[in-house]
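In each ligand, atom 1 is the first atom listed, and ligand 1 is the first ligand listed.
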Amino acid sequence: MNITIDKSYMLAATGTLQNTNEIGFGYEADGVKAKPSTGNTLTWKFSAQNVHDFVWAADPNYAIMKRQIKNGPLFYFVYKKVDTLQSKWKALADTIVKAYPFIAKTFGPYPYKNYSFIQGGDGYMEYPMATLIRNVSIGANIHEFMHSWYYGLMGNNESLYPWMDEGFATYAELRVSGWLRGDTIFPFTNAYDSYSRLVRSKLEEPMSTHADHYNTNYAYETSSYSKGSIFLVQLGYIVGDKALDRILLEYYDEWRYKHPNPSDFIRVAEKVSGLELQWYKEYWVYTTKTIDYAIGDVNDDKGNAKITITRAGLMPMPVDVLITYKDGTKEMHYIPLNMMYGVKPAEDNTPRIVHPEWKWVDTDYSFTLTKKVGDIKEIEIDPSKRMADVNRVNNKITVP
Ligand SMILES: [Zn+2]
C-alpha cells in the first residue's frame, strides 16, 4: 500500500513501513539520519502479509514512541503532541512491554513484525497490526491488542460469531489485566455480574444470534463481550484450567489464518481435554438456559452424612462441591456430567473424591460422606465461582 501525502503529515498504518529512511518522523532505524525526498509530498510504502483489513491515520501533530520486544514485535505508540498525555502514553508503552511475554506464553506469539497504537477519532477499534484509540485506558488498549488474535489472526466471522472475537478478546483483556495487577483474586467477576443482570432483564437472546439481528444493543453487547468471555472461563471449570491453557495454544497453532467457527474451537477443546463438549456449545451458545445448582437436604445415613444437590436451572453442568469439616480439613467432591464421557483432572492439592456421573435428565443427586453430619462445618457448590450460576444464594450452607 503506497500513500502519497503532503510531507507535513505523519502516518501510522497497518503493515511495516518499507522506506523508513526516506520518511523519518521517528520511523527511521536508530542511529540513521532520514533523508526525505525533496518536493512537497512523501510516499509512504507499507507492506503486510496475512491480514484481512487495513487502517491508516494521518496528522501533522503526531509524535511517536517505540518499544522493541526482544525476539518479539516492535510496538509503535502514535499520539498527538499534547503535553498532558505524554506520561499516559509512556505508561501504556511500559505496560505493553511488561505484558507481552505473558501474552505470548498464554495466547501464542504475535507473529507480525510490528503493531501500532494510534490515537484516532474512533473510540476503540481493532484492525490488523494496529488499533485506533481515543483515550489511553490500559485495559481497553490491551483488549484492542488482543483482537490481533481473536479476529485478526483467526479471521473469525464477527457478524456470525461476535462472541468468538469480542468474548475471547474480553477474556484475554481481563486475564492479562489481572496478571498485571498481580491478582490472586478472580479477575472475571464483572463479566459474570453483567451476564447475571442480562438474565434478570429478560432481554437475553442466544449468543448464536447474528450481530446485526439482536433486538437490543444491550443484549448484543453483554452476550458477545461478557457471556462470550465466560464461555472460556467456564470451559476452564469444565475441563480444568491447565487444559484450557493448552486449548488456547492449540487453537492458535491449528486455526490461525484459517477462519475457525464455533465447532472448530470445540473440536480443539475436545481433542485437548479428552472430554465431549458439544453439549456445552449447544446450551451456552444456542440457548438462553441458565445454570442454578442448590444444596438440598443434608441427612444422616447410617451414621454418615448424605448430601443432596439439586439442579434448579435448565442447563446441566459437572459439579464441584467443597466440604469443610469442623476440624479444618477440606474435601473436594466432583460429580461429572454424563454427557462429558469423562472427568476433569484434579485442579489443586485439596483431596478429591470423584462420584459416579450425574445424568443430565435427573434433577437431584445424592452422595454420602465418610463423616457425620455433625462433623461438617460448611458445604459449597463451585467454590472457584467459575460456573455461571445465576443464583448463588443457595450454593453454600453452614451446618450449625
Ligand atoms: Zn473488542
Chemist: Judged by atom type as modelled, is there a donor-acceptor pair below 3.5 Å linking the side chain of Arg267 to the main-chain atoms of Ser263?
Modeler: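 Flag not set: sc Arg267 to bb Ser263 has no pair under 3.5 Å.
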
Chemist: Return yes if some donor-acceptor pair links the side-chain N/O of Glu254 with the main-chain N/O of Val268 below 3.5 Å, else return no.
Modeler: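 Looks like no, no N/O pair under 3.5 Å.
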
Chemist: Does the cation-pi check pass for Lys7 over Phe25, that is, NZ or CZ under 6.0 Å from the six-membered ring centre and within 45° of its axis?
Modeler: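 Not flagged: Lys7 not positioned over aromatic ring of Phe25.
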
Chemist: What class does the angle between the rings of Phe367 and Tyr365 fall in, given that below 30° is parallel, 30 to 60° is tilted and above 60° is perpendicular?
Modeler: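 Taking Tyr365 first and then Phe367, their aromatic rings sit tilted (interplane angle of 30° to 60°).
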
Chemist: Between Tyr100 and Phe102 (judged by ring centroids, cut-off 6.0 Å), do the two rings come close enough to count as a pair?
Modeler: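 Between Phe102 and Tyr100, which both carry aromatic rings, the centre distance is not below 6.0 Å.
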
Chemist: Can you get from Ile376 to Ile353 by hopping between Ile, Leu, Val, Met, Phe, Trp and Tyr side chains that sit under 4.5 Å apart?
Modeler: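 No, because Ile376 and Ile353 fall into different hydrophobic clusters, even though each may have its own neighbours under 4.5 Å.
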
Chemist: Pull up every protein N/O/S atom sitting under 2.8 Å from the Zn ion (ligand 1), skipping waters.
Modeler: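 Near the Zn ion (ligand 1), the protein supplies His143 NE2, His147 NE2, Glu166 OE1.
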
